[in-house]
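Working notes, beginning with the structure itself.
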Amino acid sequence: MLGELAGSIDLDEVLNRVLEAAGAVDGVDAALITVAAPPGGEPIISALGLSATEAERQAVLGPPDGREARAISMSYEYGPEGEDADGEAIRSGVAVPLPGETAQLGLLTVFARALDTRFGEAQVSELEELALRAGPAIENARRFREARQLADLDALTGLHNRRYFHETLVREVARAHRYTRNLALIIFDLDDFKAINDRIGHLSGDAVLAEAAERILEVVRSADIACRVGGDEFAVILPESRLRDADQLYARLRTALSSKPVGQAGPLTMSAGVAELQADDDAIAFFQRADHALYGAKEAGKGQVVAASLVQPQPPANMPPGLAPVPPPEEPPTSKAG
């Protein structure tokens, strides 16, 4: 296992290999990796044999004077209320530092549930050897992930870029079909943005796009995937969502962009196409239906949302086949989504 650690730069795979190696140490029932967050980043918490809640609750602190300990041993004693009948309580643990290039990355911690297990010098030495190999492997894999994440972002708006959008759409469509899940998509652009650029200049126009993106991020749900797919065109993938959810998102976006001026452009209007995944859709067909609906919204007079549907009786004469205006939401838009 030690030899395999340097064989991958996928962070999840490296973490899993480290946890498996730690779990193979004599007496270990659970293992935990905690890596402090870099500036502007997120901490890493990965566990084996612990639930996500248990892993997040675990906090191992070093000596109070700030020195770096070689190892930190823990034992847990329970009163009558803390005892469990099935013997699953954590009884002891030991943590060793994960070394990085210039500083300690975090801790590798193992736990035992058996009442008579105590970790001694032999286990500490094994964990130290593992941590010595694991630290650089985790650091390299984290850097690779951070670089990949930056490559997935649009430099101007901070939203995901076009390449990430299409890759994610393929993945989400496959997942929705495999597990019979709902999936919705909204594609929209800012009305008359070329005229805005001509009026205020491209530099100010870029500032408008950046501020518009900030407002988009304020109203999408945490599970939604917001992307800039080109110029002033945006898309949001909505997992576990139906057409009505995409319509309600449109209402929130419209309010966010039109309620007050956006940079030097003033209030903005937007046109959108929305679609719900159908049984015979692949990612291309799904995207094309939503994109076709956006075209329908433009043809219908801009500042509107149009839904793509497979069967639509008697569409208006100026609207492409298979498109229909979306009725207003049944309820007014709520406050910022979580």
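In this text the structure is predicted, and so the values were computed from the model without any measurement.
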Check your understanding: Can you name the salt bridge (Lys or Arg N to Asp or Glu O under 4.0 Å) partners of Asp192, sequence neighbours left out?
Key -> Lys302

**Study point:** Sequence-distant partners of Lys298, salt bridge (Lys or Arg N to Asp or Glu O under 4.0 Å), two or more places apart
**Key:** Asp189, Asp191

With sequence neighbours excluded, residues passing side chain to side chain donor-acceptor pair (under 3.5 Å) with [X]:
X: Arg171; value: Thr168
X: Arg143; value: Glu101
X: Asp116; value: none
X: Arg142; value: none

Point to revise | Whether over 12 other heavy atoms sit under 6.0 Å from Arg70 CZ | key: yes

Review point. Should the heavy atoms of other residues, nucleotides or ligands under 6.0 Å from CD1 of Ile284 be counted, would the total exceed 12?
Key: no

Study note, to complete from the structure: Sorted by chain and residue number, the ring-ring contact (aromatic ring centres under 6.0 Å, His included) partners of His166 (sequence neighbours excluded) come out as Phe287

Tell me, please, which residues at least two apart from [X] pass side chain to side chain contact (heavy atoms under 4.5 Å, CB included).
X: Glu68; answer: Gln104
X: Glu126; answer: Val25
X: Leu153; answer: His160

Would you call [X] and [Y] a salt bridge, using N to O less than 4.0 angstrom?
X: Arg145; Y: Glu13; result: no
X: Glu276; Y: Arg289; result: no
X: Glu172; Y: Arg175; result: yes

Exercise for review: Would you mind listing every ring pair (Phe, Tyr, Trp, His ring centres under 6.0 Å) that reaches into residues 188-211, with sequence neighbours excluded?
Suggested key: Phe188-Phe234

Exercise for review: Not counting sequence neighbours, list each pair that qualifies as a side-chain hydrogen bond (donor to acceptor under 3.5 Å, both in side chains) and has a residue in residues 226-236.
Suggested key: Asp154-Arg228

Revision key, fill the gap. dist Leu268:CG -> Ser259:OG (nearest 0.5 Å) comes out at 10.0 Å

